[in-house]
Amino acid sequence: MDPRQGLRLLLPDRSLDRDGPGRPGPGPRRPGGHLHRGRRAAPAGPHQSADLRRADADLLHVEGHDAAPRRCRAHRHAVGRRPRPARSAGGGHHPGPGLAGQQRGRRRGRVHRGRRPVSSGTLPPAVPTAPVRTRFCPSPTGTVHVGLMRTALFNWAHARHTGGTFVFRIEDTDAARDSEESYLHLLDCLRWLGLDWDEGPEVGGPHGPYRQSERGEVYADVAARLLAAGHAYESFSTNEEVDARRRAAGQDPKLGYDNHDRFLTDAQRAAFRHEGRTPVLRLRMPDEDLAWTDLVRGDVRFAAGAVPDFVLVRGNGAPLYPFVNPVDDALMGITDVLRGEDLLPSTPRQLALYAALAEIGIGSGAPRFGHLPLVTGEGTKKLSKRDPQSNLDVYRDRGFLPEGFANYLALLGWSIAEDRDIFAMAELVEAFDVTRVSANPARFDLKKAEAINATHLRALPVAEFTAKVTPYLAGAGLVSEPPTPEQQRVLAAIAPMAQERMIVLSEAVGLLRFLFVEDVEIEPAAADKQLSGADAAEVLDAATVALGELADWSTPAIEGALKSALVDGLGRKPRQAFGPVRVALSGRTVSPPLYESIEILGRERTLARLAAARAVTG
RNA sequence: GCCCCCAUCGUCUAGUGGUCCAGGACGCCGCCCUUUCAAGGCGGUAGCACGGGUUCGAACCCCGUUGGGGGUACCA
């Protein structure tokens, strides 16, 4: 391993210089990383001694718990977190290597003191190394869930913050539900949010392919080796049989599979086959507690025997998620798994699998886990994929800014500081610390998301705002693409005023339509409110006269003329004076500032609309 | 049922034994500004689930209760 690698980690994270908001660059490249990767390279040829592997694993897990620049903070956590001893009894241990400190009952993982020394003569000094490798591994089924993107964002931020690597992998093992369209959409969404990946689809990398549908041989090979090594076994029981056995034993059938087929004889297996049965492959769960120190939850423990042997491969040979996910993580050298809390109960199974894999020479044991809080909807329940509010497209289409939406997403379980919640992607990267992620479920609050986005929208340079708004106007047929010089002029004039009264980009269509059409359509409600009655007619007539005579068509002159005609001349309160005019010109009760709008609109259209509105008043 | 996770304003959170009669943000309410709507400024409303314990001292540590949630597939 390259000693410079350790040095690198002591230096400030350079990625910030390059990763401006919204345009993050590729992750930092470390010369040492390749070396490291190379040694743990797939497909798991046991071309290194078990000792070396084990030592490597220790290094990964003991030293990898933190990167040097964050030592102080991590230390603070280590001392400060409330101790939380495991709930269940039993002295079991972690199946994989790297459990130093696990029994110490620290909350928030990071245990640095009292680490056991790395005792290997063949490895470099014990400088914190093992660069973080996180991954995002969605399955391309249907819409993209905002909670899913929060998970992606946190994995990305964790990798970027630590100068690690962000891997993108597609878990398309369910042919019935996956689609190419969803796959492409996923890539698009990730890019839209500003999350770039260092390895994965369309980017490549040393551990490819990154789509599980293309990795069938890998899984078949691993499954065969697990079977040969005795970690997995063929199971012929049907659900009905398991059920019946549970009932016969006076147990709740909901307990699930009973490990009945663990020790079938060759003859029994042959007999089942003869019946025409095809076996599933199950992992033999260890007879020990399964525990880990969760990056966001502290110690979590499942009692031995609580988790039955689970299915790795279907009867038809198709590998299942609980199998392929850890296999790929191991093969791809993933060090940190940040995922939703809904997956927490499956962690013991994964732990057992990682251990079995390590024993047959694949990977180096379990990664660190951090289980992120669930994102809930209106009530207290997990935001359903069926709920329209969960669909990222809804927010994209409405014209949320990527940086605004990412900002809000980051707030779902994390906070940057005590008195601040507006920040850019680069600031998120700089400050993100996964151990400071909250364990509480987080409600998706549209109002707050909008408020955050509005702040980002207002902060945009006007030119950028204009450029972002233009496609929405073009999409509504209000301007051509690109806008004509005249449209450009109008846009430039109105943009600053539009910018500060919008929440999302799509609102520009309704707000600015009146400036880009010949005749305005007056909203019925607006007409009811402002154009009914003789008063409105009087106001419109006076405005028509005042503006018709106006020599200098400028905002100040328009203001002067209107005020003297309506407020002074008619004695109207400003509210009553300008309401009908506003509706006549914009068709709505809400518009950009009136005088400026009139100037932009021009004399001809202004007078025509006053006349049209006058006709409506009757 | 069983296993696991969680518990501070309506919502998201800060809080790591004294500096907290608990801070920020969104929302809501009021005022100012004002040609509408916003924006902006100022102010206000509202919370440590409960019971024990440890301690000189508990939002914070421990135990329990209650409540909420997740999981419990040959889905992912």
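Letters go in sequence order (proteins before strands), and every chain restarts at 1.
- No contact: A/Tyr408 has no heavy atom under 4.0 Å from any strand.
- Between A/Arg443 and A/Glu500, the residue anchored nearer the 5' end of RNA chain B, judged by the nucleotide with its closest heavy atom, is A/Arg443.
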Would you tabulate the side-chain donor-acceptor contacts of residues 405-417 of chain A under 3.5 Å, counting partners in other chains and residues two or more places apart, or write 'none'?
from, atom 1, to, atom 2, distance (Å)
A/Asn407, OD1, A/Phe423, N, 2.9
A/Asn407, OD1, A/His456, NE2, 2.7
A/Asn407, ND2, A/Asp421, O, 3.0
A/Tyr408, OH, A/Asp445, N, 2.7
A/Tyr408, OH, A/Asp445, O, 3.4

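- Pairing for B/A46 is absent, with no Watson-Crick or G-U wobble pair whose two atom distances lie under 3.5 Å.
- Pairs passing the ring pair (Phe, Tyr, Trp, His ring centres under 6.0 Å) check and including a residue from residues 562-586 of chain A, sequence neighbours excluded, read A/Phe578-A/Tyr595.
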Distances under 3.5 Å only, N/O to N/O: pair up the protein atoms with those of nucleotides 22-27 of chain B.
from, atom 1, to, atom 2, distance (Å)
B/G23, N2, A/Glu418, O, 3.3
B/A25, O4', A/Asp421, OD2, 3.4
B/A25, O2', A/Asp421, OD2, 2.5
B/A25, O2', A/Lys448, NZ, 3.3
B/A25, N3, A/Lys448, NZ, 3.0
B/C26, O2', A/Lys448, N, 3.3

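- Protein atom CG of A/Leu512 is 13 Å distant from nucleotide atom C1' of B/C37, rounded to whole Å.
- One can place CG of A/Asn440 at 14 Å from C1' of B/C9, the figure rounded to the nearest angstrom.
- Residues forming a side chain to side chain contact (heavy atoms under 4.5 Å, CB included) with A/Pro580 (at least two apart in sequence, or on another chain): A/Gln530, A/Leu531, A/Ala536, A/Val539, A/Leu540.
- A/Gly413 comes within 4.0 angstrom of sugar-phosphate atoms only, judged by non-hydrogen atoms across all strands, and of no base.
- Rounded to whole angstrom, the span from the CD1 atom of A/Ile600 across to the C1' atom of B/U35 amounts to 15 Å.
- Distance A/Arg501 CZ to B/U34 P: 15 Å, rounded to the nearest Å.
- In this model, a side-chain donor or acceptor of A/Arg582 finds a partner on the base of B/U36 within 3.5 Å.
- On the P atoms, B/A49 is 15 Å away from B/A22, given to the nearest whole Å.
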Next item on the list: Go along nucleotides 64-76 of chain B 5' to 3' and tag each nucleotide: B for a protein heavy atom under 4.0 Å from its base, S when only backbone or sugar atoms are that close, - otherwise.
Entry: ----SSBSS-BBB

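- Residue pairs meeting the salt bridge (Lys or Arg N to Asp or Glu O under 4.0 Å) criterion with at least one member in residues 555-570 of chain A, sequence neighbours excluded, are A/Glu559-A/Lys563.
- Using modelled atom types, one finds no donor on one side chain facing an acceptor on the other under 3.5 Å when comparing A/Gln576 with A/Asp535.
- Atoms NE2 (A/His371) and P (B/C6) sit 12 Å apart, rounded to a whole Å.
- Judged by Watson-Crick or G-U wobble contacts below 3.5 Å, the nucleotide B/U72 has B/G1 as its partner.
- When both pairing distances are held under 3.5 Å, B/G51 makes a Watson-Crick or G-U pair with B/C63.
- Pairing for B/C21 is absent, judged as Watson-Crick or G-U wobble with the two contacts each under 3.5 Å.
- The one candidate from A/Arg282, A/Arg246, A/Arg245 that meets the salt bridge (Lys or Arg N to Asp or Glu O under 4.0 Å) condition with A/Asp258 is A/Arg245.
- The list of side-chain hydrogen bond (donor to acceptor under 3.5 Å, both in side chains) pairs with a residue in residues 373-386 of chain A, not counting sequence neighbours, reads A/Thr141-A/Lys385.
- Atom CD1 of A/Ile416 and atom P of B/C12 are 20 Å apart (whole Å).
- Base pairing of B/A38 is not made with any nucleotide, judged by Watson-Crick or G-U wobble geometry with both donor-acceptor distances under 3.5 Å.
- With rounding to whole Å, A/Leu540 atom CG is found 19 Å from B/U35 atom P.
- Atom CG of A/Leu562 is separated from atom P of B/U36 by 13 Å (rounded to the nearest Å).
- A/Leu594 comes within 4.0 angstrom of a nucleotide base, judged by non-hydrogen atoms across all strands.
- At a threshold of 4.0 angstrom between heavy atoms, the contacts of A/Ala442 are confined to the sugar-phosphate backbone, with no base atom among them.
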Please tabulate, for the side chains in residues 501-513 of chain A, all donor-acceptor contacts under 3.5 angstrom to protein atoms that are two or more places apart in sequence or on a different chain.
from, atom 1, to, atom 2, distance (Å)
A/Arg501, NE, A/Met497, O, 2.9
A/Ser506, OG, A/Arg398, O, 2.7
A/Glu507, OE1, A/Ile503, N, 2.4
A/Glu507, OE1, A/Val504, N, 3.1

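- Under the side chain to side chain contact (heavy atoms under 4.5 Å, CB included) criterion, A/Ile600 pairs with A/Val490, A/Ala493, A/Ile494, A/Leu515, sequence neighbours left out.
- Nucleic acid contact for A/Ser415: sugar-phosphate only, since backbone atoms but no base atoms lie under 4.0 Å from a heavy atom of the residue.
- One P atom belongs to B/U11, the other to B/G69, and the distance between them is 14 Å to the nearest Å.
- Distance from the side chain of A/Pro593 is smallest to B/U36 among B/A14, B/C4, B/U36.
- With rounding to the nearest 0.5 Å, the separation of CD1 in A/Ile334 from CZ in A/Arg169 is 6.5 Å.
- Close placement of the A/Phe432 and A/Phe154 rings is indicated, their centers lying within 6.0 Å of each other.
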